[in-house]
Amino acid sequence: MMSAAGLWIDHRKAVIVVVTDKGDETKLIISKVEKQLRRSGDSPLKGPYEAQQVPLDDSRQREFTGHLNIYYDAVIACIREADSILIFGPGEAKGELEKRLANKGLGGRVDGIETVDKMTDRQIAAKVRQRFQE
């Protein structure tokens, strides 16, 4: 039985639509990643600010990367069985997921990557159905 998966992904959530001969199924995975890492230090609005003055916070970066790894692994678990995968979304997450799929030997299944803005779950499901029911 052929199956295909399409997913809209950013760093906060992934909406996955799996299309098979029996119909389609939609799954939602929420990430626990902070929106954006901020460095501690002087604020450019409150006084002197130079990049060299602001220390990097390696522990926060490691935590961010760890959360992303868990999130991407959960997404891959949902699409692992798909014969064809379409990845779309607004930011960097789609490229990061593609690299991770390639590292796991699933890169050949990626059918396409598209940059799109925010979409509703129904729009995502319709886009995936349209793509794979040709």
Side-chain angles (χ1 to χ4, degrees):
M1 175 169 65
M2 289 288 292
S3 69
L7 64 134
W8 181 97
I9 188 166
D10 68 6
H11 283 154
R12 284 186 237 139
K13 74 174 186 174
V15 179
I16 302 166
V17 180
V18 178
V19 179
T20 63
D21 299 335
K22 298 178 181 178
D24 58 83
E25 178 183 355
T26 303
K27 299 175 185 175
L28 175 68
I29 298 177
I30 303 291
S31 125
K32 298 197 179 354
V33 176
E34 288 183 36
K35 182 176 179 184
Q36 185 177 9
L37 290 175
R38 299 199 182 268
R39 292 180 170 184
S40 57
D42 292 341
S43 166
L45 301 175
K46 295 179 183 174
Y49 178 82
E50 291 182 31
Q52 293 83 8
Q53 292 178 334
V54 182
L56 289 174
D57 193 348
D58 288 341
S59 64
R60 289 182 70 192
Q61 182 63 40
R62 279 193 304 273
E63 183 179 350
F64 176 77
T65 303
H67 284 305
L68 276 181
N69 289 339
I70 292 167
Y71 171 57
Y72 290 145
D73 286 343
V75 171
I76 290 171
C78 291
I79 62 173
R80 181 177 297 280
E81 302 302 319
D83 300 310
S84 185
I85 302 168
L86 172 65
I87 304 170
F88 52 101
E92 299 171 1
K94 59 188 178 296
E96 294 168 357
L97 179 64
E98 180 188 26
K99 287 179 188 172
R100 201 161 175 91
L101 284 166
N103 289 341
K104 296 200 180 271
L106 302 171
R109 298 182 189 178
V110 176
D111 188 37
I113 297 181
E114 298 177 16
T115 300
V116 297
D117 206 4
K118 292 183 180 181
M119 299 174 78
T120 66
D121 292 357
R122 293 179 91 175
Q123 289 172 325
I124 294 166
K127 179 177 180 67
V128 173
R129 265 189 247 114
Q130 179 183 1
R131 174 68 175 258
F132 292 115
Q133 290 181 348
E134 296 173 342

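Note that these values count all heavy atoms, side chains included, but never hydrogens, waters or copies made by symmetry.
With sequence neighbours excluded, the residues satisfying side-chain contact (heavy atoms from CB on, under 4.5 Å) with Val18 are Ala5, Ile16, Thr20. Taking Asp10 as the reference, nothing meets the side-chain hydrogen bond (donor to acceptor under 3.5 Å, both in side chains) condition, with sequence neighbours excluded. Gln123 meets the side-chain contact (heavy atoms from CB on, under 4.5 Å) test with Met119, Thr120; sequence neighbours excluded.
One distance of note links CD1 of Ile87 with CG of Asp111; it measures 10.0 Å at 0.5 Å rounding. How far CD1 of Ile29 is from CG of Leu7: 8.5 Å, rounded to the nearest 0.5 Å. In this structure, CG in Leu68 is found 5.0 Å from NE2 in His11, a value given to the nearest 0.5 Å. With rounding to the nearest 0.5 Å, the separation of CG in Leu97 from CD1 in Ile9 is 4.5 Å. Taken to the nearest 0.5 Å, the OG1 atom of Thr26 stands 9.5 Å off from the CG atom of Leu28. Atoms CZ and CG, on Arg62 and Asn69 in that order, are 13.5 Å from each other to the nearest 0.5 Å.
The main-chain N or O of Ala14 is found under 3.5 Å from a side-chain atom of Tyr71 such that the two form a donor-acceptor pair. Not one N or O on the side chain of Arg12 forms a donor-acceptor pair closer than 3.5 Å with the backbone of Ile30. Side-chain atoms of Trp8 come within 3.5 Å of backbone N or O of Asp117 as a donor-acceptor pair. A donor-acceptor pair is defined here as one N or O able to donate and one able to accept, closer than 3.5 Å; no such pair exists between the side chain of Thr115 and the backbone of Pro90.
The two atoms that bring Val17 and Val128 nearest to each other are O-CG1, 3.9 Å, heavy atoms only. A pairwise comparison of heavy atoms in Phe132 and Gly6 identifies CE1-N, 4.3 Å as the closest pair.
A salt bridge does not link Arg109 with Asp83: every distance from a Lys NZ or Arg NE/NH1/NH2 to an Asp or Glu carboxylate oxygen is 4.0 Å or more. Comment: Glu114 engages Arg131 in a salt bridge, judged by a side-chain N to carboxylate O separation of less than 4.0 angstrom.
In the hydrophobic clustering of ILVMFWY residues, with side-chain heavy atoms under 4.5 Å counting as a link, Ile70 and Val15 come out apart.
The stretch residues 92-103 participates, sequence neighbours left out, in these salt bridge (charged side-chain N to carboxylate O under 4.0 Å, His left out) pairs: Asp73-Arg100.
For the side-chain contact (heavy atoms from CB on, under 4.5 Å) criterion with Arg80, the lone passing option out of Leu106, Leu101, Ile85 is Leu106.
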